[in-house]
Amino acid sequence: MGSCTEKEEPAKCVWVHGPIIVGAGPSGLAASACLSEHGVPSVILERSNCIASLWQHKTYDRLKLHLPKQFCALPLLGFPEHFPMYPTRDQFISYMESYAAHFSIQPRFNQSVQSAEFDSSCGFWRVRTHDLEYISRWLIVATGENAEPVIPEIVGMERFRGPIVHTTAYKSGSDFANQRVLVVGCGNSGMEVSLDLCRHSAVPHMVVRNTVHVLPREMFGFSTFGIIMALLRCFPLKIVDRLLLLAANFTIGNTDQLGLHRPKTGPIELKNVTGKTPVLDVGALSQIKSGKIKVTEGVREITRNGAKFMDGQEKEFDSIILATGYKSNVPTWLKGCDFFTKDGMPKTPFPNGWKGENGLYTVGFTRRGLLGTASDAVRIANDVADQWRTIKDCRTYCNSHIILLENRNKN
C-alpha cells in the first residue's frame, strides 16, 4: 500500500496493492485469510470499531450458533476442540478474534465506505470513506446479507407509549421482566427472544404474519442440519424435503395446530430460492404448547396502549420488539454497478454469484450462512491469486529487461 500522486488531494489518496475488502465480519476475515495463504495482501475497511461488529454490538446475550460448529468454521482454521457443539455468542466472538490474530489481519476501523465505483478510465476501483480514497484493481464486497435492520411500517407505531426496539438493541429478557411484550416476527430471532422473555417471567405474544417451517434442532440424537447435508449427498432436494418434514412431524408434531402453518414449498427448497431460513427450535415450541408464548395473527394497527390484530382482537402491551430481520446495504454505497439487485443481493444465483466484472467479488451473499461464506472466500482467493501471480511475473519480467537495457546503455 502506498500514496498516490493525484493533484486534487494527494495526501488523502491511498493505493492498495491487493484487494480492498469492505466489511470485517466473518466474510471479510475469511477472504483476507484465504488471500494471505496465497501471499496476496489486502486491506479491510470496517465502519465499526471492531471485527464482527454485528455479533459484538447487535446480538442478544443468550444467542448460540444454530448449527453445529463444524458447519460454521471459516477456512483454514476451525473452532477450538473444547468449544461445545453449539458455541455461544461470546465463544464465536472469541473465535473471530483468534482467527484475525492467527492470520495477522488488521482491519482499518472507523472507515465507513461512502461510495465505491469502478473508474473505467484507469481500470481501478475507487473506494471513498469520510477522509480517504482507496484505489485498487480488486474490490471484495463483504458487508453481507445482514448489514442493516429491517424496520416495518405499521400503522400507529408513533402513537405507542412504550418502547419499540429491534432485536439489534435487545440484550436480555431481564429488561422486560413481568411485562406483556408484543414480538413481531416468528423467525429464529422471534422464537428465541420469545423464549428468553418467558424465562424472565414476561408474557410474549409472537406475531406470525406468514407461513413458517419449524424444525427440531436435533433429530434422533443427531443435528438436523447434519442429517440434511448427508441426505443431500444421496437424494434429490425434493425427496430430502419430504423426508425432513415426515421426521419433523414425528418428532415435534403438527405445527399447524399451534398457529404455525408450513409453506407448501419444502424447507430446503424455500431456503435456496428465497433465503428464508427454517426455524430450528431450541425450546420455544414447548412454551407455545404450554401457552406461555401466545401466537397471534398479523397486526393491523398499533395503538397507544397496545395493538389491534387482523382477527379483530385488541390487546394491551408494555413493550414491542421487532424481530423483523436484516437487509443488505450494498445499494447505498456501490455505484455504477448492475451486479446487485435493488435489495442488495447478487443477481447471479449461487454458486456463481461470487464474481462480477472488472475485479468485483462478493463474499457472504449466498443465503447459505457461513458454509457459503467459506466457499466464496476460497474461490475468490484462488481467482485473485492467479491474477496476482501474472501481474507479479510481468513486473519481474519488465524490471529485469529495464536492468538489461540500462546495462547496455552504460556499455
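Just so you know, these numbers come straight off a predicted model, no measurement behind them.
- Taking both residues in full, the closest heavy atoms of P152 and L322 are given as CD-CD1, 4.1 Å, listed atom of the first, atom of the second, then distance.
- Judged by distance alone, with hydrogens and angles left aside, the side-chain atoms of S36 form no donor-acceptor pair with the main-chain N or O of G39 at under 3.5 Å.
- For the pair P204 and K292, the tightest heavy-atom approach, listed with the atom from each and the gap, is CD-O, 3.5 Å.
- With ring centers used as reference points, F340 lies under 6.0 Å from F365.
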Report the C-alpha distance between E192 and H66 in whole Å, list the side-chain angles of each, state the deciding distance to 0.1 Å, and finish with yes or no for side chain to side chain donor-acceptor pair (under 3.5 Å). CA-CA 11 Å; E192 290 204 27; H66 294 114; 2.6 Å; yes

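- Of the possible donor and acceptor atoms, one in the side chain of R180 sits under 3.5 Å from a partner among the backbone N and O of E316.
- Between the CD1 atom of I20 and the CG atom of L139 there is a distance of 6.5 Å, given to the nearest 0.5 Å.
- Remark: the E145 side chain and the S328 side chain contain no N/O donor-acceptor pair separated by less than 3.5 Å.
- Taking the six-membered ring where the residue is Trp, the centroids of F118 and F124 are separated by 6.0 Å or more.
- With hydrogens and angles disregarded, a donor-acceptor distance shorter than 3.5 Å links the side chain of D196 to the backbone of G173.
- Cation-pi geometry between R217 and Y86 is met: under 6.0 angstrom from the ring centre, within 45 degrees of the axis.
- Taking the six-membered ring for Trp and the full ring otherwise, H166 and Y326 have centroids separated by under 6.0 Å.
- Partners of T366 according to the side-chain hydrogen bond (donor to acceptor under 3.5 Å, both in side chains) rule, which considers only residues two or more places apart in sequence or in another chain, do not exist here.
- Within the structure, every pair that satisfies the salt bridge (charged side-chain N to carboxylate O under 4.0 Å, His left out) test and touches residues 348-362, not counting sequence neighbours, is listed here: K355-D383.
- For the pair E218 (side chain) and S223 (backbone), a donor-acceptor distance under 3.5 Å is absent.
- Between Y95 and F79, the angle of the ring planes stays under 30°, which puts this pair in the parallel group of the 30/60° scheme.
- Here the side chain of K69 pairs a donor or acceptor atom with the backbone of F83 at under 3.5 angstrom.
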Side chain to side chain contact (heavy atoms under 4.5 Å, CB included) for K276 and K271? Distances and angles first, verdict last. CA-CA 5 Å; K276 188 174 181 181; K271 168 69 173 172; over 6 Å; no

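- The main-chain N or O of L270 is found under 3.5 Å from a side-chain atom of T274 such that the two form a donor-acceptor pair.
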Between S53 and W55, is a side chain to side chain contact (heavy atoms under 4.5 Å, CB included) present by the stated rule, with each step listed? CA-CA 5 Å; S53 62; W55 283 83; over 6 Å; no

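- When each of I21, L45, V330, V113 is checked for a side chain to side chain contact (heavy atoms under 4.5 Å, CB included) with T143, only V330 meets the rule.
- Rounding to the nearest 0.5 angstrom, the gap separating the CD1 atom in I105 from the CD atom in E97 is 12.5 Å.
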I would like to know whether S32 and S42 meet side chain to side chain donor-acceptor pair (under 3.5 Å); could you show each step before the answer? CA-CA 6 Å; S32 181; S42 62; 3.2 Å; yes

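- Panel note: side chain E46, backbone S48; a donor-acceptor pair is recorded below 3.5 Å.
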